[in-house]
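A short write-up of the structure that comes next.
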2 protein chains.
Amino acid sequence: MPDGEDGTRLGGGDRSGGPERRPDPGRGPISRGAGARRRVLEAALAVLDADGLGGFTMEAVARRAGASKATLYRHWPSTGALLVDAMDATYRPFPAPATGRLESDVAELLGAFVALLRDTPFPRLLGSFIAAAEREPALAARHADLTRRRREPLVEILRRARERGELPAALDLELTTDLLTAPFFYRRLVAHHPIPPTLVGEVIEQVLGPHRQRR
Amino acid sequence: MPDGEDGTRLGGGDRSGGPERRPDPGRGPISRGAGARRRVLEAALAVLDADGLGGFTMEAVARRAGASKATLYRHWPSTGALLVDAMDATYRPFPAPATGRLESDVAELLGAFVALLRDTPFPRLLGSFIAAAEREPALAARHADLTRRRREPLVEILRRARERGELPAALDLELTTDLLTAPFFYRRLVAHHPIPPTLVGEVIEQVLGPHRQRR
DNA sequence: TCCGATCGGCACGGTACCGTACCGATAGAG
DNA sequence: CTCTATCGGTACGGTACCGTGCCGATCGGA
């Protein structure tokens with residue numbers, strides 16, 4: 001596999017003027033061991049968010065983390081390995097609503113998801129991960145696992161609803177989860193269309209509406 | 001947006017409608033004008049497919065095209081501008097089936113789409129475009145337009161079916177198109193899950209099934 | 001046929017990043 | 001408190017790409 005060698009200029013931080021020094025002034029003295037590792041991973045995500053894959057460089061990450069390149073190379077042999085760990089570090093357990101009613105649970109979850117797509121660096125990072133995963137099988141595998149973990153709460157909501165009899169027993173939960181979430185990825189990353197506040201309700205209505213069953 | 005200059009040509013859309021009547025102007029001696037332009041754009045896509053955004057470099061594209069850097073800079077002021085034109089060059093009109101029956105038309109179209117995702121460099125290029133578009137508004141706008149053009153045939157099929165009375169008059173065609181296509185993007189680029197041959201039928205059944213109407 | 005516009009080749013100085021090595025400092029465990 | 005593994009800082013040669021300038025060659029329209 002092509003070892004690293006990544007250096008795009010597309011979003012690249014070609015700063016010909018100032019040296020852009022930002023070693024995170026607010027932090028304490030120096031943290032070692034796991035602390036340093038965490039700091040570097042945070043810096044890696046910050047760099048990826050700011051400058052994309054093109055700016056994702058050992059030097060850039062080290063600068064942002066206030067670390068030395070040597071420290072980075074001690075932990076990660078390549079930018080690819082660093083990217084894998086940084087991607088893993090983006091996982092945050094999604095709040096699983098349990099109002100007990102199918103529609104409101106799903107609406108709440110999808111609403112939080114839309115907010116994540118609209119108000120956070122998440123989609124920008126996701127774009128970089130998608131592009132990188134096309135060329136690094138290790139990253140693709142990790143991202144597949146990450147995605148599975150993120151989907152879990154929604155699948156669980158659907159499963160419970162099915163057990164309560166609100167959804168047909170024969171309904172394919174994985175496919176339904178795809179149909180509920182994929183349009184939002186698609187609009188944000190592919191079609192570059194705005195996501196109106198009403199979309200969550202419309203998707204739920206069109207996907208779940210026909211299958212809704214009275215208990 | 002760290003890149004200060006970012007010289008993407010927004011209005012430079014000289015999509016030549018010119019009648020280019022050469023049998024194979026590819027590897028002839030030297031081709032000038034539109035020929036050179038086409039050769040460079042092909043090389044740009046080849047480089048992007050092979051090495052991703054990381055390898056997308058004026059030098060690399062020039063090498064692959066058998067052109068000189070000077071030629072590239074004569075046409076495109078930056079890699080961003082080159083990427084925009086290269087992306088536009090990926091558009092191929094999708095064959096619009098017109099069997100006259102909703103299900104078979106959609107199945108045929110989605111089948112071709114799945115083949116595109118499975119057997120061609122398309123998804124790999126798409127990944128790069130997605131990542132780059134997150135950082136280049138000009139690219140995002142172009143990609144939005146490209147996507148709209150690619151969706152058109154499917155929307156048209158749904159519209160005709162609605163006019164024939166096979167779909168409810170109140171059905172949101174755009175949303176339905178999203179629901180029909182987004183899962184495939186999602187599986188291929190985000191979830192990294194295989195797309196079984198049965199998926200097309202399942203998606204059609206779950207999305208269109210409940211709305212099917214007898215005329 | 002002819003001439004101008006375009007091309008490929010080449011070279012240039014400048015910049016950024018790579019990957020490694022060595023240093024003195026210090027955090028953090030015992 | 002002591003000791004050591006880890007850290008930040010610095011430096012290095014090497015590589016790749018940038019963007020520009022200038023050639024002579026040659027395509028391609030008049």
Side-chain angles (χ1 to χ4, degrees), chain A residues 2-25 27-41 43-44 47 51-83, chain B residues 2-7 16 18-22 25-41 43-44 47 51-83:
Chain A
D3 200 53
E5 232 49 60
D6 276 16
T8 321
R9 323 275 156 246
L10 242 184
D14 278 304
R15 294 260 173 222
S16 50
E20 168 112 15
R21 195 158 302 273
R22 191 162 17 187
D24 222 313
R27 206 170 308 257
I30 310 174
S31 52
R32 312 239 160 156
R37 181 190 150 92
R38 204 177 60 89
R39 244 174 64 221
V40 170
L41 289 181
V47 168
D51 302 334
L53 280 177
F56 193 75
T57 288
M58 288 296 206
E59 296 226 2
V61 174
R63 267 199 306 269
R64 171 89 60 154
S68 80
K69 281 196 297 174
T71 301
L72 265 70
Y73 280 104
R74 276 180 206 119
H75 290 290
W76 300 276
S78 67
T79 57
L82 177 55
L83 191 57
Chain B
D3 204 326
E5 45 186 26
D6 186 12
S16 69
E20 184 84 35
R21 62 188 63 240
R22 292 190 52 141
R27 288 298 167 188
I30 308 176
S31 51
R32 310 240 159 154
R37 181 191 149 91
R38 205 177 64 86
R39 246 175 61 220
V40 170
L41 290 181
V47 168
D51 301 333
L53 281 177
F56 193 74
T57 288
M58 287 296 205
E59 295 226 3
V61 174
R63 267 198 306 269
R64 170 90 58 153
S68 81
K69 280 197 296 173
T71 300
L72 265 72
Y73 279 104
R74 278 181 204 117
H75 289 288
W76 299 275
S78 68
T79 56
L82 177 55
L83 191 57

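A note on names: the letters A, B, ... follow the listed sequences, proteins ahead of strands, and every chain is numbered from 1. Model, not experiment: these values are computed from the prediction.
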Hey, are the side chains of [X] and [Y] touching, using non-hydrogen atoms and a 4.5 Å cut-off?
{"X": "B:Val61", "Y": "B:Thr79", "result": "no"}
{"X": "B:Leu41", "Y": "B:Leu82", "result": "yes"}
{"X": "A:His75", "Y": "A:Val40", "result": "no"}
{"X": "B:Arg74", "Y": "B:Thr71", "result": "yes"}
{"X": "A:Asp51", "Y": "A:Phe56", "result": "no"}

Using a cut-off of strictly less than 4.0 Å, decide whether [X] has a side-chain nitrogen or oxygen near OP1 or OP2 of [N].
{"X": "B:His75", "N": "C:dC7", "answer": "yes"}
{"X": "A:Arg74", "N": "C:dT20", "answer": "no"}
{"X": "A:Thr71", "N": "D:dC7", "answer": "no"}

Do any N or O atoms from the side chain of B:Ser78 and from the backbone of B:Ala81 form a donor-acceptor pair under 3.5 angstrom?
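Here the side-chain-to-backbone pair exists.
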
Within the side chain of B:Arg64, is there an N or O that forms a donor-acceptor pair under 3.5 Å with the backbone of B:Ala43?
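It does not hold such a pair.
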
When you measure from the side chain of [X], which nucleotide among [options] comes out closest?
{"X": "A:Thr57", "options": "C:dT20, D:dG8, C:dC17", "answer": "C:dC17"}
{"X": "B:Lys69", "options": "C:dG8, D:dG19, C:dT20", "answer": "D:dG19"}
{"X": "B:Ser68", "options": "C:dG9, D:dG8, C:dT20", "answer": "C:dG9"}
{"X": "B:Arg39", "options": "C:dA21, C:dG8, D:dC18", "answer": "C:dG8"}
{"X": "A:Thr79", "options": "C:dC18, D:dG8, D:dT20", "answer": "C:dC18"}

d([atom1], [X]; [atom2], [N]) in whole Å:
{"X": "B:Phe56", "N": "D:dC18", "atom1": "CZ", "atom2": "P", "value": "10 Å"}
{"X": "A:Arg63", "N": "C:dC17", "atom1": "CZ", "atom2": "C1'", "value": "9 Å"}
{"X": "A:Trp76", "N": "D:dT6", "atom1": "CH2", "atom2": "C1'", "value": "13 Å"}
{"X": "A:Leu82", "N": "C:dC18", "atom1": "CG", "atom2": "P", "value": "11 Å"}

Select from A:Met58 and A:Ala70 the residue whose nearest nucleotide in DNA chain C is closer to the 5' end of that strand.
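So the residue in question is A:Met58.
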
For A:Ala67 and A:Glu59, find the nucleotide of DNA chain D closest to each by heavy atoms; which residue's nucleotide sits nearer the 5' end?
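Per heavy-atom nearest nucleotide, the more 5' residue is A:Ala67.
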
Relative orientation of the end axes in the helix from C:dT1-D:dA30 to C:dG30-D:dC1, expressed as an angle to the nearest 10° (five pairs per end)
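The helix from C:dT1-D:dA30 to C:dG30-D:dC1 shows an end-to-end axis angle of 40°.
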
